Amino acid sequence: MQKTENNINLVWFRNDLRTIDNAVLFEAQKNSGQLIAVYCFDPRHFDLDPYGFKKTEKFRAKFLIETVTDLKTQLNKLNIELLVFNAQPESVIPQLCEDYNINTIFLQKEWTSEELSVENAVKSKCKDCHWHAVYNQFLYHPEDINFDFSDTPQVFTVFRKKLEKHVNIRPELNVSKYSKNNPIKSNTKIPSLNDLGFEDFDNHTHSAFPFQGGETHAFKRLEDYFFNTKKLGFYKKTRNGLVGKDYSSKFSSWLANGSLSARTIYWQVKAFEKEHFKNESTYWLIFELIWRDYFKYISLKHDSQIFKLKGILHKDYTWKTDQNSIQNWINGETASDFVNANMLELKNTGWMSNRGRQNVASYFAKSLELDWRIGAAYFESLLLDYDVHSNYGNWMYVAGVGNDPRDRKFNVQLQAERYDVNGKFRNLWLQPSLF
């Protein structure tokens, strides 16, 4: 690369892969000078974790490639070049800083251990750069809430009531187009699935998530689910469904990698309510976004305790690590046909319904009494919509070491009879000839 004499600002994209309502881009635009962007496919994300699972399996890897491809297109429309590397950020970003005389790095504020470790490794090699990290993941912005992180309530309902009628949601942020002189010349390449160590594949015909990654597809889904079909108006009635793409919004995968913001969804719900109607279902989608925020605030409050066996309650249980039981759960070979059907769906599509997740996690932790962190790590590997705070927050909750005040155990048979009355879901995934 050619050394440049001009000061250039850098946006380091991580889990904020969008141009619409992106606080990082918005803040970067306040700084004078050119702007370039970088995304790193960190090879560590595709390595094996301590439990033997790939941290990111093929489903989310493919979704991520699609997302970054779309991000590059959307940034090009703003005359911002996205440099993409298949390498560790601490080997890429310091070199960019040197090559382009970068003086300020803008990034989304993270607080969990792995993200901070990588960030600190980059900072140690970019000592002359100014770092500007901004909160960019929340519905309720951390600067607006009416309590300190350390006082985040132990029970969700208390958290919700503290916020929803007392704290306003900020408006979306718009980013302006840069001049045609802003983009630099670059020949970096977005890696393929093969480059990341996977074989290409087609989505399973029964997948309840047949969508592509990227904010373009996120907005297409939002437009369809809200305004074309008005399925939003029935969300509360259908959200516990198991079959098909329309029983729920399916926004979680785009929310997880930041190609859609929670604020955008909120304001689009408000637009729908103004244009069409307001009911319990329109509220309930916002209610679910508040749950998402809650686990982020729990993570901010408790730091790395969310990854510990005793959870945030420091509770002692007798946990097992029996490999046969773990493999039977993964492969859909347990004593519960409902658990099995859900686990086969996950294994073959990277997706599972919210109802399914609660049941298989409860079965893993409460019936099989297996170390819940192993189940959480498997979800991290497979799920298209893996989000560190929601994943570990929900697993702690179900395992009895988190925020559930009742410490429940799901009766998976009764759940199957209630939510899969005619066995449609189980029949779909338990056909002997399916695989």
Side-chain angles (χ1 to χ4, degrees), residues 1-17 22 24-25 28 31 33-50 53-58 60-69 71-72 75-76 80-134 136 183-198 213 257-258 304 380-381 386 388:
M1 295 181 179
Q2 291 291 317
K3 180 91 171 175
T4 177
E5 297 302 318
N6 299 321
N7 283 341
I8 295 181
N9 303 306
L10 177 71
V11 166
W12 175 12
F13 279 96
R14 294 188 285 179
N15 284 325
D16 54 339
L17 303 176
N22 190 323
V24 179
L25 275 176
N31 239 30
Q34 280 182 280
L35 179 69
I36 60 175
V38 64
Y39 181 81
C40 296
F41 284 82
D42 190 332
R44 287 169 296 210
H45 292 167
F46 308 96
D47 283 344
L48 296 182
D49 68 15
F53 308 127
K54 277 199 174 186
K55 283 186 70 65
T56 304
E57 261 294 353
K58 64 180 182 180
R60 195 163 71 254
K62 183 178 182 180
F63 193 78
L64 181 58
I65 290 168
E66 293 165 349
T67 300
V68 174
T69 301
L71 176 65
K72 188 172 178 69
L75 286 170
N76 280 340
I80 301 168
E81 181 65 26
L82 177 67
L83 308 177
V84 182
F85 298 89
N86 184 11
Q88 295 180 357
E90 59 265 40
S91 66
V92 168
I93 294 175
Q95 190 63 52
L96 290 179
C97 290
E98 184 178 331
D99 291 340
Y100 292 106
N101 197 23
I102 288 166
N103 61 351
T104 308
I105 298 174
F106 293 86
L107 69 165
Q108 175 172 281
K109 189 171 182 63
E110 299 281 359
W111 54 93
T112 39
S113 52
E114 290 178 5
E115 288 76 10
L116 285 180
S117 174
V118 174
E119 191 176 311
N120 289 332
V122 177
K123 282 181 177 178
S124 70
K125 298 181 180 180
C126 298
K127 297 187 188 302
D128 296 330
C129 286
H130 300 290
W131 288 76
H132 197 118
V134 293
N136 198 28
I184 62 167
K185 289 183 179 178
S186 163
N187 58 359
T188 65
K189 181 185 170 189
I190 297 172
S192 66
L193 271 175
N194 289 132
D195 294 330
L196 299 179
F198 302 99
N257 69 22
S304 291
E380 176 176 350
S381 176
Y386 167 72
V388 58

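Since we're looking at a predicted model, the values are computed, not measured.
- The pair Glu114-Arg14 does not count as a salt bridge, with every side-chain nitrogen at least 4.0 angstrom from each carboxylate oxygen.
- At a threshold of 4.5 Å between non-hydrogen side-chain atoms, the residues Ile102 and Ile36 count as touching.
- Scanning both residues, Ala87 and Ser91, for their nearest heavy atoms gives CB-OG, 4.0 Å.
- Among all heavy-atom pairs drawn from Phe198 and Lys58, the shortest one is CE2-N, 3.4 Å.
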For this session: For the pair Asn31 and Asn9, evaluate side chain to side chain donor-acceptor pair (under 3.5 Å) and give the outcome as yes or no after the intermediate values.
Result: CA-CA 8 Å; Asn31 239 30; Asn9 303 306; 3.1 Å; yes
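- How far CG of Asp16 is from CD of Glu110: 8.0 Å, rounded to the nearest 0.5 Å.
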For this session: Please lay out, stage by stage, how Gln88 and Arg44 fare under the test side chain to side chain contact (heavy atoms under 4.5 Å, CB included).
Result: CA-CA 8 Å; Gln88 295 180 357; Arg44 287 169 296 210; 3.7 Å; yes
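- Lys55 has its side chain out of reach of Asp47: every pair of non-hydrogen atoms, C-beta onward, lies at least 4.5 Å apart.
- Rounding to the nearest 0.5 angstrom, the gap separating the CD atom in Glu57 from the CZ atom in Phe46 is 10.5 Å.
- Minimum interatomic distance between Leu82 and Thr188 (heavy atoms only, all atoms of both residues): O-OG1, 4.1 Å.
- Annotation for Glu81 and Ile184: closest pair CG-O, 3.8 Å, computed over non-hydrogen atoms.
- Nearest heavy-atom pair, Gly213 versus Glu66, reported as atom, atom and distance to 0.1 Å: N-OE1, 2.8 Å.
- Rounded to the nearest 0.5 Å, atoms CG (Asn257) and CZ (Phe13) are 11.5 Å apart.
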Problem set entry | Trp12 vs Val122, side chain to side chain contact (heavy atoms under 4.5 Å, CB included): CA-CA, chis, key distance, verdict | CA-CA 11 Å; Trp12 175 12; Val122 177; 3.8 Å; yes
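- Looking only at distances, a side-chain donor or acceptor of Ser381 sits under 3.5 Å from a matching main-chain atom of Lys54.
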Exercise. Ile80 and Leu25: side chain to side chain contact (heavy atoms under 4.5 Å, CB included), yes or no, with the steps?
Worked result: CA-CA 10 Å; Ile80 301 168; Leu25 275 176; 4.2 Å; yes
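- Between the Thr56 side chain and the His45 main chain, a donor and an acceptor come within less than 3.5 Å of each other.
- Scored by the salt bridge (Lys or Arg N to Asp or Glu O under 4.0 Å) test, Lys125 finds no partners at all (sequence neighbours excluded).
- The CG atom of Asn101 lies 12.5 Å from the CG atom of Leu96; values are rounded to the nearest 0.5 Å.
- In terms of heavy-atom proximity, Leu116 sits nearest to Trp111 at CD1-O, 3.4 Å.
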Problem set entry | Step-by-step side chain to side chain contact (heavy atoms under 4.5 Å, CB included) determination, Leu107 to Trp131 | CA-CA 8 Å; Leu107 69 165; Trp131 288 76; 3.6 Å; yes
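- Looking at heavy atoms from C-beta onward, Cys97 lies out of side-chain contact with Asp128 at the 4.5 angstrom threshold.
- Taken to the nearest 0.5 Å, the CZ atom of Phe41 stands 6.0 Å off from the CG atom of Leu196.
- Side-chain atoms of Leu71 and Tyr39, non-hydrogen and from C-beta on, never get closer than 4.5 Å to each other.
- The 12-atom threshold is not exceeded at NZ of Lys109, counting heavy atoms of other residues, nucleotides or ligands nearer than 6.0 Å.
- Once rounded to the nearest 0.5 Å, the distance linking CD of Glu119 with CD of Gln108 reads 10.5 Å.
- Thr112 and Glu115 share a donor-acceptor pair across their side chains, judged by distance under 3.5 Å alone.
- In this structure, the side chain of Thr69 engages the main chain of Ile65 through a donor-acceptor pair within 3.5 Å.
- With contacts defined as side-chain heavy-atom distances shorter than 4.5 Å, the pair Val11/Asn22 does not qualify.
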